[in-house]
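Inspection log for the structure reproduced underneath, given as structure tokens.
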Amino acid sequence: MRTVLVVDDEYEIAEVVGTVLSSRGYEVALALNGKLALAALADQRPDLILLDVMMPVMTGIEVLRTVKATEEHRAIPVVMMSAVGDGVLSSEDESLTAGYLRKPFTFDELMATFARVGL
Amino acid sequence: MRTVAVADDRQARVLQNVLDSIGAALRGERGTADQFASVVSHELRSALMPISLFVEAMLVDVTQNGRVPSRDELMQRLGMFKRQLARANHDLKRLLDFSRIRSGQLDLELEDVDLSATVADVVAGHHEELAVARCTVDFESPGAIVGRWDRLRLHQVATNLLSNAIKYGAGAPIHIALSANDESARLVVRDHGPGIEADQREAIFARFERAHPTQHQSGYGVGLWVVARIVEAFGGAIEVESEPGLGATFIVRLPRLM
């Protein structure tokens with residue numbers, strides 16, 4: 001079963017995205033901040049990380065860079081989510097990502113992104 | 001347009017200072033309005049996105065995949081939908097409050113309200129979020145603490161403080177303690193998050209913030225600002241004790257007005 005780690009400090013968004021993905025046969029883990037996301041990665045290696053950019057405690061950018069700097073996890077595709085538009089990621093950080101979803105995104109956009117990543 | 005004759009350099013400098021002050025004030029007001037619109041826009045998008053995503057997914061299930069949810073699935077999803085709507089409603093009310101407070105229109109409906117029961121209700125209502133956030137809540141209360149407060153506004157204060165503690169203190173316990181004497185009640189909410197820099201401790205109540213794109217950090221939004229204004233409207237006070245890396249303790253004092 002394909003597994004997805006959804007990381008968002010907004011619980012409502014994490015819950016619904018997780019439920020929608022579960023209904024489509026994905027096994028989903030939720031994390032409400034970057035530190036919990038890294039802890040979740042230590043428990044189980046997901047097939048994809050859906051990662052909010054703007055988070056307290058540890059930003060999505062910091063999580064992205066940490067994941068990509070870790071040999072065990074760097075191959076995991078990371079799709080960033082943010083309500084902020086263009087320019088939220090530097091070109092260097094963008095090169096680390098597998099995709100970007102601008103909030104509010106639709107169900108079709110979410111599924112299309114997953115299809116592009118091959119999940 | 002009137003032409004003003006300036007008699008000498010001193011008058012010219014005075015006039016220039018006045019014009020500069022007016023300009024700064026106008027720029028500040030425009031900046032505040034832009035910031036407000038930005039906060040409202042962000043909060044509204046956050047509130048509505050989960051609902052639309054949820055409905056779209058269900059529609060695809062039924063119309064494109066011919067998959068009708070079972071009764072149990074439907075009840076589970078409707079329950080989640082109801083919670084999402086309640087949360088969106090809360091967020092929108094908070095924005096309305098934000099607007100009303102800014103224009104001096106916060107009205108209170110005072111009645112006898114039990115602060116302990118209100119806080120307990122707020123904690124219970126967040127049990128799923130607390131579980132996902134890996135937060136336990138350690139709640140101390142001496143029993144019923146009744147005061148003359150606005151029930152809805154009191155609920156908002158507790159909700160916003162708990163939401164803030166979850167957001168910043170996820171992964172660690174949250175401590176809530178109530179105490180009271182005949183004149184006043186005290187609500188303390190403590191998290192083990194990153195803490196707050198000294199120069200931000202008053203600012204988080206004094207101004208609203210939205211996310212700062214250049215820093216990629218979520219701001220405090222309007223939640224704490226609204227809490228501070230409601231507490232002030234009750235005749236109370238709020239302060240925060242914090243050191244970077246050592247979490248934050250929010251202390252609210254409310255006159256009981258009995």
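The chains referred to below are lettered A, B, ... by the order of the sequence lines, with proteins before strands, and numbering in each begins at 1. Since the model is a prediction, treat every value here as computed from it, not as a measurement.
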Exercise for the section: Flag the pair A:E62 and A:R65 as a salt bridge only when some basic side-chain nitrogen lies within less than 4.0 angstrom of an acidic carboxylate oxygen. Expected result: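 Looking at A:R65 together with A:E62, the answer is no, because their closest N to O distance does not fall below 4.0 Å.
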Exercise for the section: For the pair B:R253 and B:E239, find out whether any cationic side-chain nitrogen is under 4.0 Å from an anionic carboxylate oxygen. Expected result: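 Salt bridge: yes.
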Problem - A:L36 portion near chain B, given a 4.5 angstrom heavy-atom threshold - result: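 Just its side chain gets close to chain B.
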Practice task
Go through the atoms of A:K35 and report whether side chain, backbone, both or neither lie under 4.5 Å from a heavy atom of chain B.
Solution key: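 No part of it gets close to chain B.
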Problem - Heavy-atom pairs under 4.5 Å with chain B, option from A:E109, A:E15, A:M111 with the top count - result: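 The candidate making the most pairs under 4.5 Å is A:E15.
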Handout entry: chain A interface, residue from B:E128, B:Q76, B:E73 that has the most non-hydrogen pairs under 4.5 Å
Key =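 Result: the option with the highest number of such pairs is B:E128.
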Exercise for the section: Just give me the residue among B:S52, B:A133, B:P194 that pairs up with chain A most often, heavy atom to heavy atom, under 4.5 Å. Expected result: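 Option with the greatest count: B:A133.
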Handout entry: Heavy-atom donor-acceptor pair, A:K103 side chain to A:S82 backbone, under 3.5 Å
Key =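 Not at all, since once roles are kept as given, no pair shorter than 3.5 Å links the two residues.
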Exercise for the section: For the pair B:F54 and B:F81, name the ring-plane relationship: parallel under 30°, tilted 30 to 60°, perpendicular over 60°. Expected result: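 B:F54 and B:F81: tilted rings.
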Problem - Heavy-atom proximity to chain A below 4.5 Å, by part of B:Q84 - result: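 Contact with chain A is through the side chain of B:Q84 alone.
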Exercise for the section: Please round to the nearest 0.5 Å and tell me the distance separating atom CD of B:E56 and atom CZ of A:F107. Expected result: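 Interatomic distance, B:E56 CD to A:F107 CZ, rounded to 0.5 Å: 8.5 Å.
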